[in-house]
Number of protein chains: 2
Amino acid sequence: MARQDRTAEARMEFNAFLAVCPSRQLLARISDKWVVLILCALSGDRDASSPEPTAPIPMRYSELSRLLAGVSQKMLTQTLRSLERDGLVTRTVTPTVPVTVTYELTDLGSSLHDVTRGLRTWAQDHMGEVLRNREEHEAPAG
Amino acid sequence: MARQDRTAEARMEFNAFLAVCPSRQLLARISDKWVVLILCALSGDRDASSPEPTAPIPMRYSELSRLLAGVSQKMLTQTLRSLERDGLVTRTVTPTVPVTVTYELTDLGSSLHDVTRGLRTWAQDHMGEVLRNREEHEAPAG
DNA sequence: CTGTATCCACTGCGATACTG
DNA sequence: CAGTATCGCAGTGGATACAG
């Protein structure tokens, strides 16, 4: 694809406010807790004390399964397939016995993590404030 | 609440990777396309040509309903209630006839929009690349 | 105008069992 | 180890009707 095609594309007006726009579906796809957590995991963005992300970290299926506490096989596989399909992660099969499969962020995946990283951080940083708001909302008069 | 309490709280270690951590639920809550779009709407962040968000813009229920194409009454109301409960938006009822209800971002809501704004932008900016990746994935050999 | 209430179809998602 | 296949339920979410 030629340079000018990409430039023209970048100028195309996708608008997620429109129900029929494909970016609406993409937004729905990336607005997902498992997507956010997988992206964080593959970026080595594990806790608040490491604000600056390191280079993408290849991880095996079982490692992801362990790190993302509570995720079902189905959701993990399903989400990884989706991310692979969209070019956000690569899936590499090493023919050992038993087989070894590693997942790694692509550049595109990293660019998304730059955004979604803030989601997890925000949730953790403002959890207390949100909990307090909920309590006040339950009992406004005291 | 005293300053040191908030400071201590900020140091508390919420970790969304843990299934039992409340921040996991909060992450799931804010990882939602309607949340993202409502936050964008109330921030006046309507299209790509306005990268810098203006001040929060109060909007009426019907305005939101119109702007968020395809959203059902149920989901819009449900999402707004949730955002209100968590202290991200305020709901103001003006006793006109018929009644007027306006929603407006709080400071906390604005801080979340600073994060989620990137989600919608990313979806729109990288839509073409993702579509291309999907095509290649469907037909890897040509 | 701004909701709430109800019904219903769909499917997201977990649990379980099975395979290369 | 890294999945696929199947079942089943509970919740999502739309459509419709009704109300303050």
Side-chain angles (χ1 to χ4, degrees), chain A residues 16-21 24-38 41-42 57-86 89-104 137, chain B residues 16-21 24-38 41-42 57-86 89-104 137:
Chain A
F17 279 118
L18 304 176
V20 294
C21 183
R24 164 73 68 90
Q25 296 172 345
L26 183 56
L27 175 61
R29 200 75 243 21
I30 65 182
S31 300
D32 179 271
K33 66 169 182 276
W34 298 129
V35 169
V36 172
L37 289 176
I38 288 175
L42 293 179
I57 298 176
M59 288 184 71
R60 301 178 57 172
Y61 181 89
S62 53
E63 292 180 300
L64 285 169
S65 179
R66 229 172 299 121
L67 184 56
L68 276 66
V71 69
S72 66
Q73 275 195 345
K74 181 175 177 177
M75 285 315 297
L76 182 54
T77 299
Q78 189 171 297
T79 307
L80 285 170
R81 288 285 179 279
S82 162
L83 294 176
E84 185 194 4
R85 191 175 107 100
D86 290 351
V89 306
T90 58
R91 178 174 178 270
T92 306
V93 181
T94 308
T96 52
V97 180
V99 69
T100 303
V101 179
T102 61
Y103 294 90
E104 187 169 6
H137 193 261
Chain B
F17 279 119
L18 305 176
V20 293
C21 183
R24 164 74 69 90
Q25 297 172 344
L26 183 56
L27 175 61
R29 199 80 230 33
I30 65 182
S31 300
D32 179 271
K33 67 169 183 278
W34 298 129
V35 169
V36 172
L37 290 176
I38 288 175
L42 293 179
I57 298 177
M59 288 184 71
R60 299 178 59 172
Y61 182 88
S62 52
E63 291 179 302
L64 285 170
S65 179
R66 230 171 299 122
L67 184 56
L68 275 67
V71 69
S72 66
Q73 274 196 346
K74 180 176 176 177
M75 287 315 297
L76 182 55
T77 300
Q78 189 171 297
T79 307
L80 286 169
R81 287 287 178 279
S82 162
L83 294 176
E84 185 193 5
R85 192 175 106 99
D86 289 351
V89 306
T90 57
R91 177 174 179 271
T92 307
V93 180
T94 308
T96 51
V97 180
V99 69
T100 302
V101 179
T102 60
Y103 294 90
E104 186 170 8
H137 194 261

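These numbers come from a predicted model, not from an experiment. So that the names make sense, note that chain A is the first sequence line, chain B the second, and so on, each numbered from 1.
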> Rounded to whole angstroms, how far apart are CE on B:Met75 and P on C:dT4?
14 Å

> Please report the distance, rounded to the nearest Å, between CG in B:Leu64 and P in C:dC1.
14 Å

> Among the nucleotides C:dC1, C:dC7, C:dA15, which one has an atom lying closest to any side-chain atom of B:Pro98?
C:dC1

> Kindly point out which of D:dC1, D:dG3, D:dG14 is positioned nearest to the side chain of A:Gln73?
D:dG3

> Between CG of B:Leu27 and NZ of A:Lys33, what distance do you get to the nearest 0.5 Å?
8.0 Å

> Consider the side chain of A:Val101, meaning its heavy atoms from C-beta on, and name the nucleotide among C:dT4, D:dG3, C:dT2 that approaches it most closely.
D:dG3

> Using whole Å, report how far CH2 of B:Trp34 lies from C1' of D:dG13.
10 Å

> When you compare the side chain of B:Leu80 with that of B:Tyr61, does any pair of heavy atoms fall below 4.5 Å?
yes

> Whether the side chain of B:Arg24 engages the backbone of B:Ala16 through a donor-acceptor N/O pair (distance < 3.5 Å, no angle test) should be reported.
yes

> Can you tell me which nucleotide in C:dA15, C:dG3, D:dC1 comes closest to the side chain of A:Ser62?
D:dC1

> Let's see if you can work this out: which of D:dA2, C:dC1, D:dT4 has an atom nearest to the side-chain heavy atoms of A:Thr77?
D:dT4

> Measure from the side-chain heavy atoms of A:Tyr103 and tell me the nearest of D:dG3, D:dC7, D:dG13.
D:dG3

> To the nearest Å, give me how far apart CZ (B:Arg66) and C1' (C:dC1) are.
11 Å

> Atom OH of A:Tyr61 and atom C1' of C:dT19: how far apart are they, to the nearest Å?
14 Å

> Could you please name the option among D:dG14, D:dG3, C:dG3 that lies closest to any side-chain atom of A:Arg81?
D:dG3

> Rounding to an integer number of Å, can you tell me how far B:Met59 CE sits from C:dG3 P?
14 Å

> Would you indicate, yes or no, if D:dG3 has its OP1 or OP2 atom less than 4.0 angstrom from a side-chain nitrogen or oxygen of A:Arg91?
yes

> Measure from CD on A:Gln78 to C1' on D:dG3 and round the result to the nearest Å.
13 Å

> Distance-only criterion, 3.5 Å: show the donor-acceptor pairs between side-chain atoms of residues 66-74 of chain B and protein atoms not counting sequence neighbours.
residue, atom, partner, partner atom, Å
B:Ser72, OG, B:Met75, N, 3.2

> Looking only at non-hydrogen atoms, find the nearest pair between B:Pro58 and B:Glu63 and report the distance.
O-OE1, 4.4 Å

> I want to verify a distance call: between C:dT2, C:dT4, D:dA2, whose nearest atom is closest to the B:Arg60 side chain?
C:dT2

> For the pair made of CG in B:Leu68 and P in D:dG13, what is the distance, rounded to whole Å?
13 Å

> So if I take every side-chain heavy atom of B:Val99 and compare against D:dG14, C:dT2, C:dG3, which nucleotide ends up nearest?
C:dT2

